[in-house]
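When a ligand or atom number is given, it counts from 1 through the structure's own listing order.
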Amino acid sequence: MTLKYFLFLFLVITGFNDTYAQKFENLAQTPPMGWNSWNKFACDINEELIKEAADEMVSSGMKNAGYEYIVIDDCWHGERDENGFIHANKEKFPSGMKALVDYVHSKGLKFGIYSDAGWQTCGGKPGSRGREFQDAQTYAKWGVDYLKYDWCNTESLKAEGAYLTMRDALYEAGRPIVFSICEWGDSQPWEWAEDIGHLWRTTGDIYPCWDCEEDHGDWSSWGVLRILDMQEGLRKYAGPGHWNDPDMMEVGNGMSVSEDRAHFTMWAMLAAPLIAGNDLGNMSEETVNILTNKEVIAIDQDTLGVQGFKYSSEDGLETWFKPLAGGNWAVTFLNRADTEHEINFNWKDHMVKDPDFDYAVDFNAETYSIRDLWKHKNLKNTQSPFKAVVPPHDVITLRLSKK
Ligand code: GLA
């Protein structure tokens, strides 16, 4: 046996492969879909509420429409024990976290949990700093499928290193877990997180308003249009397994039906994670119809995995295009304004070119059939101009399919 061969065998036997931690591949090949407790319930959570959310995800038709993860956000935590292992808060989660995870799994759903790279979470609960490997082991033992990892109380930490540590800890723990990076875009995670996480927040927190800034003193949360505008320039960084995350949805949390519809649609156009943040046990029919519109969900979940782009903008009316698999396209007319907007879009006057990727469409060379994804109706084709009226704060969304 040559020395080289011997060395090779030695390395194989001692498992040198395992020393290279990495991100779990093949997860989140389309943007994750699910529900998270934070937007509606903040710290006011308990095991009954989470179990009910799982039940309601099934009974509302959301599971059937593709929603998968039940994610428990901040404030589930109790104390660490004498060996440093974290436990759920005993009053709020008397059956323990493993039982809750098992319950969610028994509904055919997956379970997500929340922690923080700092010494405390944003809600003042124990963070994972210095305990990353131990916490990852705990989550894996509980059967967790998704980790949202926040960025409060991280003074003196560098984001890339902190998230890398937790990525490695998850890999070491051995259970495939979707890793959701939540550092609010502060240090441009889109530039370094492709090999670290499966999605990364691009902005501060969302707020259920159309176009406002909600001032919390030393930080702000943002309305739908504000967050939408902050996505500019980021689409080239996203793709299957690594998504820009413009934050969880506020559909059903107080905006008008038009605004909710526009919000949901624009998240789909952005190939954003579709994480509902409302009370699933208390939904109006309109909210259910929006969240379970399978035709719009199909735009979000399209296997090509390319975010849409703003093609034009005039007088508060934006036209967005999103390349889809098979040479098809989604088109959304977004009316940001307070008054209705007439559209007269002559396809043949437009040569649409993706600014970041190699997709283009010439409506003089090709004819597409048109389907309205909110009216659920087939329209004519791209030979004749598209004429319609978009109500204020609303959208019209079309799927163009090759003939
Ligand atoms: C941060 C995150 C939110 C939520 C809270 C919990 O603000 O951005 O999404 O997780 O913390 O405290």
Side-chain angles (χ1 to χ4, degrees), residues 31-46 49-50 53 69-78 86 88-89 92-93 111-129 135 139 144 146-155 157 159 162-163 166 177-190 193 197-209 212-224 226-227 230-231 234 243-254 263 267 270 272-279:
M33 293 177 64
W35 173 85
N36 174 301
S37 53
W38 183 257
N39 283 356
K40 178 71 187 176
F41 299 102
C43 279
D44 196 11
I45 51 173
N46 58 58
L49 183 119
I50 304 295
Y69 294 96
I70 294 285
V71 184
I72 184 165
D73 207 279
D74 205 349
C75 301
W76 58 267
H77 319 66
I86 188 75
N89 179 302
K92 292 172 158 190
F93 298 89
F111 189 90
I113 208 159
Y114 162 99
S115 189
D116 187 289
W119 65 283
Q120 276 194 341
T121 69
C122 300
K125 308 298 174 196
S128 290
R129 185 171 182 180
D135 285 353
Y139 305 150
V144 166
Y146 181 111
L147 171 66
K148 172 176 170 183
Y149 203 49
D150 215 340
W151 190 238
C152 277
N153 306 301
T154 51
E155 299 75 16
L157 284 185
Y163 283 94
M166 188 43 109
I177 290 181
V178 170
F179 190 28
S180 158
I181 295 174
C182 179
E183 66 78 76
W184 319 311
D186 284 2
S187 52
Q188 297 78 47
W190 44 88
H198 301 94
L199 56 158
W200 50 78
R201 280 275 296 278
T202 53
T203 70
D205 289 4
I206 195 168
Y207 193 81
C209 64
C212 73
E213 173 178 355
E214 178 73 9
D215 186 355
H216 301 272
D218 52 353
W219 62 287
S220 288
S221 47
W222 308 95
V224 165
R226 301 295 181 99
I227 297 234
M230 292 177 204
Q231 308 309 311
L234 303 186
W243 307 102
N244 287 316
D245 174 8
D247 205 0
M248 307 170 293
M249 296 188 289
E250 294 282 14
V251 174
N253 280 343
H263 168 30
W267 263 230
L270 291 172
L274 295 181
I275 309 290
N278 57 315
D279 181 356

Write out the residue and atom name of the closest protein heavy atom to [atom], then the distance separating them to 0.1 Å.
| atom | value |
| --- | --- |
| atom 7 (O) of ligand 1 | D205 OD2, 2.7 Å |
| atom 12 (O) of ligand 1 | D74 OD2, 2.8 Å |
| atom 9 (O) of ligand 1 | K148 NZ, 2.7 Å |
| atom 2 (C) of ligand 1 | D150 OD2, 3.3 Å |
| atom 10 (O) of ligand 1 | D73 OD1, 2.7 Å |

Residue [X] vicinity, atoms of ligand 1 by number, heavy atom under 4.0 Å:
| X | result |
| --- | --- |
| C122 | 1 (C), 11 (O), 12 (O) |
| M248 | 9 (O) |
| W184 | 2 (C), 8 (O) |
| R201 | 8 (O), 9 (O) |

Going through the distances and angles, do W222 and D205 end up as a side-chain hydrogen bond (donor to acceptor under 3.5 Å, both in side chains)? CA-CA 6 Å; W222 308 95; D205 289 4; over 6 Å; no
So is there a nitrogen or oxygen of D247 less than 3.5 Å from a nitrogen or oxygen in ligand 1?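 The answer is no, given that D247 and ligand 1 share no N or O pair closer than 3.5 Å.
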So is there a nitrogen or oxygen of W38 less than 3.5 Å from a nitrogen or oxygen in ligand 1?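 No - when backbone and side-chain N and O of W38 are compared with those of ligand 1, no distance drops under 3.5 Å.
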How far apart are the closest heavy atoms of [X] and [Y], and which atoms are they?
| X | Y | answer |
| --- | --- | --- |
| L199 | D245 | CD1-OD2, 3.7 Å |
| I50 | S37 | CD1-CB, 4.3 Å |
| Y114 | Y139 | O-OH, 4.5 Å |
| T121 | D74 | OG1-OD1, 2.9 Å |
| A53 | W35 | CB-CZ3, 3.6 Å |

W151: heavy atom below 4.0 Å from ligand 1, yes or no?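 It does not; every heavy atom stays at 4.0 Å or beyond.
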Are any side-chain N or O atoms of D135 and backbone N or O atoms of I86, one a donor and one an acceptor, separated by less than 3.5 Å? no
Check each heavy atom of T121 against ligand 1 and say whether those closer than 4.0 Å belong to the side chain, the backbone, both or neither. neither
Heavy-atom contacts under 4.0 Å between C182 and ligand 1: side chain, backbone, both, or neither? side chain
Below 4.5 Å, heavy atoms only, C-beta onward: do I206 and M249 meet side chain to side chain?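 Side chain of I206 against side chain of M249, heavy atoms only: no contact under 4.5 Å found.
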Fit a plane to each ring of W267 and H263, take the angle between them on a 0 to 90° scale, and name the class: parallel (under 30°), tilted (30 to 60°) or perpendicular (over 60°).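 W267 and H263: perpendicular rings.
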